Enquirer: 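Here it is, the structure, as structure tokens.
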Amino acid sequence: MRLPLSALLATALLAGCNPVTQDNFARLKPGMPRAEVEALLGEPTECAGALGVSSCQWGDESRFISIQFAADQVLLFSGKGLK
């Protein structure tokens with residue numbers, strides 16, 4: 001089930017200042033458009049990529065969500081230190 005963009009924005013606002021949470025991680029799905037991810041998590045802390053594939057991270061070394069995108073859609077994701 002896909003959530004409307006407005007629902008994702010509301011969720012991000014309710015999550016407080018730090019969107020790097022277990023609840024937001026659970027909302028991620030393979031194939032999710034990058035725009036929906038950024039609506040949920042905000043701008044990434046860092047990104048790198050080439051040839052239509054990128055890897056972005058939200059958070060810091062102790063608490064983060066890392067997502068790999070292909071053609072601006074979620075391919076793989078992982079997290080560490082989520083609450």
Side-chain angles (χ1 to χ4, degrees):
M1 177 171 101
R2 291 196 179 242
L3 293 174
L5 190 56
S6 59
L8 290 172
L9 288 171
T11 301
L13 291 173
L14 292 174
C17 295
N18 190 346
V20 180
T21 65
Q22 183 63 43
D23 287 340
N24 284 344
F25 182 81
R27 289 179 174 89
L28 298 172
K29 304 288 180 228
M32 185 180 215
R34 184 176 180 143
E36 285 185 29
V37 172
E38 290 184 355
L40 179 66
L41 300 175
E43 290 292 319
T45 308
E46 61 182 89
C47 272
L51 302 173
V53 178
S54 62
S55 179
C56 298
Q57 182 170 312
W58 287 258
D60 57 34
E61 290 180 15
S62 63
R63 181 174 158 182
F64 66 82
I65 294 174
S66 178
I67 303 176
Q68 287 70 49
F69 295 95
D72 282 336
Q73 293 188 333
V74 174
L75 183 62
L76 302 168
F77 53 95
S78 62
K80 177 182 173 189
L82 305 176
K83 300 178 189 177

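These numbers come from a predicted model, not from an experiment.
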Enquirer: For residues 22-63, which residue pairs qualify under ring pair (Phe, Tyr, Trp, His ring centres under 6.0 Å), counting only residues two or more places apart or in two chains?
Expert: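 Applying ring pair (Phe, Tyr, Trp, His ring centres under 6.0 Å) to every pair that reaches into residues 22-63, excluding sequence neighbours, yields F25-F77.
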Enquirer: Could you work out the complete set of other residues in the hydrophobic cluster of L76, with links drawn between I, L, V, M, F, W and Y side chains under 4.5 Å apart?
Expert: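 Grouped by the 4.5 Å side-chain rule, L75 form the rest of the cluster around L76.
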Enquirer: Given side chains that start at C-beta, do those of I65 and L28 come closer than 4.5 Å, heavy atoms only?
Expert: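 They are in side-chain contact.
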Enquirer: Would you say that F64 contacts L82 through its side chain, given a criterion of any heavy-atom pair below 4.5 Å between the two side chains?
Expert: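 Heavy-atom side-chain distance check fails, nothing below 4.5 Å.
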Enquirer: Going from CG on D23 to NZ on K83, what distance comes out if it is rounded to the nearest 0.5 angstrom?
Expert: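 Reported value, rounded in 0.5 Å steps: 13.5 Å.
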Enquirer: Quick one: closest heavy-atom pair of P44 and E38, and the distance?
Expert: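 Here P44 and E38 meet closest at CD-OE2, 3.8 Å.
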Enquirer: Hey, what do you get for CD (Q22) to CZ (R63), rounding to the nearest 0.5 Å?
Expert: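 So the CD of Q22 and the CZ of R63 are separated by 10.5 Å.
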Enquirer: Compare all side-chain heavy atoms of I67 with those of Q57 and state whether any distance is below 4.5 angstrom.
Expert: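 No. Closest side-chain heavy atoms not under 4.5 Å.
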Enquirer: I'd like a table of donor-acceptor pairs (distance under 3.5 Å, sequence neighbours excluded) in which one partner is a side-chain atom from residues 46-56, with atom names and distances.
Expert:
| residue | atom | partner | partner atom | Å |
| --- | --- | --- | --- | --- |
| S54 | OG | R34 | NH1 | 3.3 |
| S55 | OG | Q68 | NE2 | 3.1 |

Enquirer: Write down the atom of P19, the atom of L41, and the distance for their closest heavy-atom approach.
Expert: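 In this case the closest contact between P19 and L41 is CG-O, 3.1 Å.
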Enquirer: Could you state the interatomic distance from OG1 (T21) to CG (L40), rounded to the nearest 0.5 Å?
Expert: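 That separation rounds to 7.5 Å.
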Enquirer: Any chance you could measure K80, atom NZ, to E61, atom CD, to the nearest 0.5 Å?
Expert: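 Taking NZ in K80 and CD in E61, the distance rounds to 7.5 Å.
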